[in-house]
Structures are given as C-alpha cells and as structure tokens.
Amino acid sequence: MSTGTPYYITTPIYYVNDQPHIGHAYTTLACDVLARFMRLDGRRVHFLTGTDEHGQKVEKSARAAGVDPLEFCDRVSQNFRDLAVAMNFSNDDFIRTTEPRHIASVQAIWNELKERGQIYLGSYAGWYSVRDEAFYAEGELVDGKAPTGADVEWVEEPSYFFRLSAWQQPLLEFYAANPDFIAPESRRNEVVSFVRSGLHDLSVSRTSFAWGVPVPDDPDHIMYVWLDALTNYITAVGYPDTGSEDFRTFWPASLHMVGKDILRFHAVYWPAFLMAAGLQPPQRVFAHGWWTIEGQKMSKSLGNVVNPRDLIDRYGLDPVRYFLLREVPFGNDGDFSDRQMVHRLNGDLANDYGNLVQRVLSMVAKNCDGRTPQPGLLAAADTALLGRTGALLPTVRELLLEQQFHRALEAVWEVVGAANRYVDEQAPWTLRKTDPPRMATVLYVLAETIRRLALLTQPFMPQASAKILDQLGVPDDRRGFADLGAGSALVAGTPLPKPEGVFPRHLDPAAA
Ligand code: ME8
C-alpha cells in the first residue's frame, strides 16, 4: 500500500432514473485518470463513485416502470457498476444512498445540524422541480418553468429549513480565503455573485412523498434528497465516526468532480451544511462542461443518447478514453461526432504514438536480435530527447492538479512528436549499414523514450500503455512514476516479445 499524501476524489452519485450514458462516463473517467495518476505518483488514493437513489424523481421513475423503488434502484444501480467495469474505472468504493451505512450517516448529520440550531420547523410555499430536485423562487422562473427548462409544481407543506442565510458571509470569506476552491474561474465568479446576491433558508424536508430517509424523531418528513445525496461523500469515509482512520486520512476531500449543472449544490449548499455541522468543506470542486451529440442536446426523445458501450465496441476502450479527455479543453462544453473521433484516433494515436512505437519496436525486433539494444556513448540529440521525457512528470502533475487533461496530453504528445522527428533525423535504417553501434544507441534511446511515455500515458490508457510496456519487457513492479528515472531504465540484452500494433486506424465515416 502506498503511503504518500492522501488524495480523495469523488464523482457525483448518479440518479438511477436514467441509464448510464457518455456524460456520466465522462465525469467518472476524469476522476479515474486523476486517481490512477495519483496512485502511480505514490499517493494514497480513495476514489468514490455511486448512485443517488432517493427522492421524488426516482420514486416516479420506479412507479412508471411498475416496480418497487428498491428493486428499481437495484437494477439501475447495477448498470452504473457495469459501466465502471466496461470503462475500466478503478474506483475504490461504490456507494448507494439506500445502504444502511449511508442512512445512518444522513440521520447523524441531521441530528448534528439540529443540535447546533441550524435546522428549524416552518412551512414551505413555493415551486419545486422534480427533474432538478430543486426549489425555485417565483422570480427565478422563466415562462413558468425552471431556469433549466424543467417543469415546476407548486408545493405548500410543513417543512424543516436549514439556516442557509446565516452562511452567506462565512461562505464568501471561505471563497476568498480559498481561491482554488471552485474551478474553472468563470464558474467561481458565478457562484460568488450568486452568494453575494443573498441566500434564503433552504427547505430540507418534504411530507408529500415517501421514498427517502425519514427525519429522526419526525418520520412524516423525508429529508431533501440533496442533503441526503451530498452526505455520501462523508459516509464513504466513515462519518459519523469522525475519529476513524479513513475520516482522519481522507476528509476533507481533495476534489469533488461535478458537471456544471450541479455546481451550486456542491459549492454553496454542501460547504454550508458542513461548516454548520462543524466539519471542514472539501478542498476543491471542479465543474466540467456539457457534451452535445452532433450539435444537439442528448435526449431520450431525440434518440441520440450515446451509450459508452457502443463507442467502446466501435473504437476500443482506450481510444475512447483518450478522445474524451483530449478533444475538449476540460471545463468547456464539447460536441461529440464520429468524424472528430476518427480524426483524433487516426492522427494522435495511430499516426503519432502508435507509429512511433511500431516503427521502433519492429526495427529492434529485426535488427537487434529481438533484444533491448546496447547503447554506446550518448550524443547531444540523445540526451536532449531523454531530457524532454525527464521533464514531463512535473509538467503533467501540475496540469492534472488543475484538471487540465487536454493540456497534459498535449505536453506528452509534444514529446511524441519530438521522438518521431528524432527517428527521421537519425535515420536508423541508414545507420544499420553505415554504423550499426550508433543504430543500436539510437534505438535504445527511442525505446527508453517510449518506456517513459508509456508510463505517463497509463492513467489515460491503462490497457494500451500496459501493452506497450509489455513489449518493452518492463516488469510489472517497475511501472510507477518513481521508475521514470534512469535507475529503472531499460536493460540492454533483455529478450523482447514479438511487437504488435497497439492503435489501429479507422475508416473516416465521411469517406465510408
Ligand atoms: O445530478 N455532458 O445526478 P445525474 C457531461 N444525483 N456530463 C454529463 C452530461 C452531459 N451531457 N449528462 C450528465 C445528479 N452528465 C445528482 C448528483 S451528487 C451528490 C448528486 C454528468 O444522474 C455530469 O457530471 O443527473 C452531471 O453533473 C451528472 O452527470 C449528473 O448526473
């Protein structure tokens, strides 16, 4: 087990009213890459995902499906677990809000808030959107609908309230003292101005439906699904046992990754609930952008919902993982199209990375007796190329700590490009006749460069990178980032397996 600085990363827990699609896969993928990177970098990682199973929206979907809510949740939740396997996600835990550990945790935070005078009984009269599971004030409605376009209904019933208004100032102070708490910056500014404009107390219980966690001592009330759902992040590290090893190690979370649709819940309500309960807010919340499909919003009625499995079948898992994080600057909205996908895969993977690996490994197989070549003295061009791979780790680390996945990949691909130019300049196929020892040196430098590149691409493309490392004869226990250095360099004379292509080319759909 790793002993480095703890890193706790979470995905949103997904509603079980919907089948998993490419949007859900995207969020969890981003977390998976960070979790894998941090583990390889020697940190002690806890990576959490799961499903959000209570509330009116799920109750309604279960009714529409004609099944008991829990049975419905069991079924759909399993689809999210299956997706995690299909996408090769490395989550350490999968939480469901219907689990006893979570129900106990939600009731404990409620009691804590109640004891601290943060919750009081009143009555709510206002609008509610079941699709958003959110309350809206009259002034927020646009043409009789929620600002998100969702339908709203009028609700008038007894309700417990959380004193959110009391947390306006502390929240603003918290944002000011922690400028990296909300990212990207444009989203941070939106949240700060929302809080500055004033906060109302928040209704945190309902009496008109049953599918949820009952309020302790007043079971006619069901807790607001967002208070229930957000609490999952602390349940998973042992709350209410704040003295437990997990809680002390992993709370506050390093990063809550969310889509931009649910930033307010994570950056306003959640830190307020936590501070009110005497707990620390998370360190960072990143709100990424939204995927559309060929220019359109994904929707069941349009029939354009992209199932990640179809993409994996068509393009292979690691190319899909690569595309999603390379194509769109993380934080921006993105549009998915098969053309773009094919363009990226043929360009970056088949032509650039794949071809580099393929050229070098087949020359080694043919001209070096299938063994890692024996290098001679290194020339300036050799040390320059090796130096570039050596400088990559701190760059990639810094970019990933800012969730700049596309830039991290860009940095790695700059070195892929440099390595391809080095092949052309050194022309080992000519050296084979004129200067075989120099050819061996060049091929060694290239193989060692590929070793380092493949170590760094592991978080993004675990299987493809492993295949490359296998072909270089790198032992399984020499694949962490501590092995990027010369101490773990390839050993001359190691017999290598027969090289095999890693990234196939695809037919351009426009040309098909
Ligand atoms: O909001 N593009 O769950 P949810 C990018 N249960 N990301 C997308 C997307 C798209 N088109 N569609 C969905 C909930 N997502 C709550 C969360 S957390 C305590 C409770 C991703 O099933 C994105 O991460 O509606 C978004 O925030 C999330 O799915 C919403 O999932």
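Hydrogens, waters and symmetry mates are skipped; everything else that's a heavy atom, side chains included, is used. Whatever order the structure lists them in is the order used to number ligands and atoms, beginning at 1.
Because its NZ or CZ atom is not both nearer than 6.0 Å to the ring centre of Y239 and within 45° of the ring axis, R101 does not count as a cation-pi partner of that residue. Figure legend: R264 and F194 shown as a cation-pi pair, the cationic atom lying under 6.0 angstrom from the six-membered ring centre and within 45 degrees of its axis.
Between F37 and F481, the ring planes are tilted. Angles from 30° to 60° get that label. In this structure, Y14 and F80 have parallel ring planes: the angle between them is below the 30° cut-off, well short of the 60° mark.
Ranked by closest heavy atom to atom 24 (O) of ligand 1, the top entry among T27, I262, V58, D52 is T27. One option in V225, T28, D261 has a heavy atom closer to atom 30 (C) of ligand 1 than any other, and that option is D261.
Separation of the Y26 and W291 ring centroids falls under the 6.0 Å cut-off. Between F135 and Y124, a ring centre-to-centre spacing shorter than 6.0 Å is recorded.
For ligand 1, none of its N or O atoms has an N or O atom of V258 under 3.5 Å away. The shortest N or O to N or O distance between M298 and ligand 1 is not below 3.5 Å. Taking only nitrogen or oxygen atoms, main chain and side chain alike, W291 reaches within less than 3.5 Å of ligand 1. Taking distance alone, with nitrogen or oxygen atoms compared against 3.5 Å, Y14 stays at or beyond that limit from ligand 1.
A salt bridge does not link E153 with K60: none of the charged nitrogens is closer than 4.0 Å to a carboxylate oxygen. Of the charged side-chain nitrogens involved, at least one lies within less than 4.0 Å of a carboxylate oxygen, so that R397 and D41 count as a salt-bridged pair.
Under a 4.0 Å criterion applied to the non-hydrogen atoms of G289, ligand 1 contributes the atoms 5 (C). Which parts of ligand 1 touch H21 is read off a 4.0 Å heavy-atom cut-off, strictly below it: atoms 9 (C), 12 (N), 13 (C). Annotation for ligand 1: atoms under 4.0 Å from non-hydrogen atoms of A229 are 19 (C). Close approach of ligand 1 to H24 (heavy-atom distance below 4.0 Å) involves ligand atoms 22 (O), 29 (O).
By the side chain to side chain contact (heavy atoms under 4.5 Å, CB included) test, T98 pairs with E53, H54, L70, R96, W211, sequence neighbours left out.
The protein heavy atom nearest to atom 4 (P) of ligand 1 is Y15 CD1, 3.7 Å. Protein heavy atom nearest atom 19 (C) of ligand 1, with residue, atom name and distance: Y233 OH, 3.4 Å. For atom 17 (C) of ligand 1, the closest heavy atom belonging to the protein is I13 O, 3.2 Å.
No heavy atom of E133 sits closer than 4.0 Å to any atom of ligand 1. In this structure, W226 has a heavy atom closer than 4.0 Å to ligand 1.
Sequence neighbours left out, the pairs with a member in residues 85-116 that pass ring-ring contact (aromatic ring centres under 6.0 Å, His included) are W110-Y160.
When non-hydrogen atoms are compared, ligand 1 lies under 4.0 Å from the side chain of H266 (C-beta onward) but not from its backbone.
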